[in-house]
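Fair warning: this is a prediction, and the values are worked out from it, not measured in the lab. Below, read A as the first sequence line, B as the second, and so on, with proteins coming before strands; counting in each chain starts at 1.
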Protein chains: 2
Amino acid sequence: MRQDARENRQRILAAADHVFGTHGEAGSTEDVARLAGVGIATVFRHFPTKESLIEAALVRHFTDLHDQTQAAITAPDPTAALHTLIRRMIERGASKLTLASMLSRDAPPAVVTASGQVKAAVDTALRRAQATGSVRPDVGVEELYLLIRGLAQTTAAAPVPAAVLERAVDVILTGFATDSRPATGKTVDSSPTTEAGGARNPAPPDRPAARPRPV
Amino acid sequence: MRQDARENRQRILAAADHVFGTHGEAGSTEDVARLAGVGIATVFRHFPTKESLIEAALVRHFTDLHDQTQAAITAPDPTAALHTLIRRMIERGASKLTLASMLSRDAPPAVVTASGQVKAAVDTALRRAQATGSVRPDVGVEELYLLIRGLAQTTAAAPVPAAVLERAVDVILTGFATDSRPATGKTVDSSPTTEAGGARNPAPPDRPAARPRPV
DNA sequence: CTGTAAACGGAGTCCAGACTTCGTTAAGGA
DNA sequence: TCCTTAACGAAGTCTGGACTCCGTTTACAG
């Protein structure tokens with residue numbers, strides 16, 4: 001591949017990252033081309049369809065994110081590592097998770113793989129933190145991921161004051177910490193390979209909906 | 001207005017609620033018409049543009065939601081009231097908040113007003129709970145709303161097992177409680193938590209071919 | 001330097017979906 | 001019951017955006 005072609009490809013991916021991250025899949029390919037400073041034909045030469053373009057941008061994003069998570073995970077203190085990981089994912093992962101959810105119907109295998117690796121990394125970090133006893137044992141990656149995604153998605157849609165976001169993250173972290181809660185003892189199995197249905201692990205039918213604790 | 005026209009209007013609104021709630025603003029007006037069992041022209045007679053249709057659906061939704069929140073707020077126990085409110089908003093408010101965020105750029109005044117009332121209600125509930133001392137005082141509606149929106153939005157995009165959602169909500173509620181404030185001060189108490197599954201074999205990095213949910 | 005094929009971009013084509021037109025149907029008052 | 005006209009829906013028009021064609025430009029091997 002020629003040098004300029006390689007450069008253009010990167011420019012296009014970066015542009016796609018921004019356009020689709022901002023406008024969701026409603027962003028137009030033409031905008032991507034304009035932002036990348038190339039003709040629209042060039043975009044389609046590198047990525048035959050709009051979908052493949054989005055897919056490539058997502059894979060790139062998750063791969064980058066995965067590299068970052070690896071660094072965070074290897075930190076000595078598991079609890080601090082988890083905190084770092086969560087903050088980083090919300091900051092960096094914001095815009096693209098929106099896209100990922102848009103593709104959720106028939107997510108391309110490549111994207112599933114890439115995002116799966118990130119999820120596995122979070123899973124590892126969470127379990128390690130739980131092993132130290134500082135994180136409540138009754139939650140799994142699913143819950144954590146749900147909260148992270150929610151926050152990331154929302155902040156991506158409409159920018160939020162840093163201070164507000166920071167406090168929101170703090171609320172989540174606090175919620176994950178072990179406190180005087182009567183550990184239900186059962187560690188939920190939330191490995192990333194969940195069956196689509198929700199009937200896994202017959203969770204206690206009597207969820208403490210009205211827990212006698214404060215709040 | 002003729003009786004049948006009034007009925008059709010309601011049918012159209014309900015259909016719009018479902019279509020746009022499911023597919024976001026990408027849902028087509030034709031789908032709405034089909035689901036409502038009317039011709040497409042009828043839809044446009046009642047609502048001159050697609051945007052006005054979405055707007056009307058949103059206003060209806062927030063108005064309904066506001067009615068429900070009022071009931072929750074008047075409960076005797078402020079803390080329990082806040083909990084009920086949060087759960088209800090996540091359950092009921094799921095799909096439409098997505099739309100609301102889509103319209104966020106130039107949200108129609110009517111929608112702003114309607115959603116603002118809901119927000120005010122949440123604000124009231126939050127302050128009352130804080131007054132009892134059971135909720136940490138350093139967070140405001142913004143943080144709460146951010147978390148609620150995130151959860152609602154995400155669950156709307158891709159259905160989540162009830163048990164997982166329930167635990168995620170519980171995490172938020174715990175995070176709002178007064179006792180375990182300093183999230184950063186890792187509570188590394190080496191209490192003999194029944195950490196049997198300490199290092200539960202992290203999931204295999206290679207996703208199985210069976211397509212799990214992305215992200 | 002020069003030849004050549006890889007890459008490029010502007011000007012299309014084509015279709016999905018928002019919105020209109022107009023002849024038909026039926027609500028509901030007299 | 002009949003008549004007026006509000007309300008209806010099938011069959012359009014039109015525009016935005018995905019994707020293609022083809023003549024032009026340019027990296028780089030010889």
Taking only N/O atoms, report every protein-nucleotides 1-5 of chain D pair under 3.5 Å with atom names and distance.
none

**Study point:** Neighbour count >12 (heavy atoms, 6.0 Å) for atom CZ, B:Arg60
**Key:** yes
Check your understanding: What do the steps show when you test B:Asp123 against B:Lys119 for salt bridge (charged side-chain N to carboxylate O under 4.0 Å, His left out), and what is the final call?
Key -> CA-CA 6 Å; B:Asp123 189 39; B:Lys119 198 170 191 174; over 6 Å; no
**Study point:** Non-hydrogen atoms of B:Ala125 and B:Ile73 that approach each other most closely
**Key:** CB-CG1, 4.1 Å
Study note, to complete from the structure: Across all chains, not counting sequence neighbours, the side-chain hydrogen bond (donor to acceptor under 3.5 Å, both in side chains) partners of A:Asp31 are A:Ser28, A:Arg34
Point to revise | A:Arg6 CZ to C:dA6 P, straight-line distance once rounded to whole Å | key: 15 Å
Revision key, fill the gap. When rounded to whole Å, the CD1 to C1' distance for the pair B:Ile12 and D:dC8 reads 11 Å
Review point. For C:dA7, does OP1 or OP2 lie under 4.0 Å from any side-chain N or O of A:His46?
Key: no
Revision key, fill the gap. Looking only at heavy atoms, the pair that brings B:Ala121 and B:His66 closest together is CB-CD2, 4.3 Å
Practice item. Select from B:Asp4 and A:Thr42 the residue whose nearest nucleotide in DNA chain C is closer to the 5' end of that strand. Key: A:Thr42
Review point. Just how far is it from atom CZ of A:Arg9 to atom CD1 of A:Ile12, taken to the nearest 0.5 Å?
Key: 8.5 Å
Point to revise | Separation of atom CZ in A:Phe47 from atom P in C:dA7, rounded to whole Å | key: 13 Å
Point to revise | Distance test, side-chain N/O of B:Asn8 to OP1/OP2 of D:dC8, below 4.0 Å | key: yes
Would you list the protein and nucleotides 17-20 of chain D atom pairs, both N or O, that sit under 3.5 Å from each other?
from	atom 1	to	atom 2	distance (Å)
D:dA18	OP1	A:Lys50	NZ	3.0
D:dA18	OP2	A:Thr29	N	3.1
D:dA18	OP2	A:Thr29	OG1	2.8
D:dA18	O5'	A:Thr29	OG1	3.2
D:dC19	OP2	A:Lys50	N	2.7

Check your understanding: Could you give the CZ-to-P distance, from B:Arg45 to C:dT21, as a whole number of Å?
Key -> 12 Å
Revision key, fill the gap. B:Gln3 atom CD is separated from C:dG29 atom P, nearest whole Å, by 11 Å
Study note, to complete from the structure: Heavy-atom closest pair (B:Leu53 atom, B:Phe20 atom, distance to 0.1 Å) is CD2-CE1, 3.8 Å
**Study point:** Side-chain (B:Gln130) to main-chain (B:Val139) donor-acceptor, under 3.5 angstrom
**Key:** yes
Review point. Does A:Glu166 offer a backbone N or O that forms a donor-acceptor pair with the side chain of A:Arg87 under 3.5 Å?
Key: no
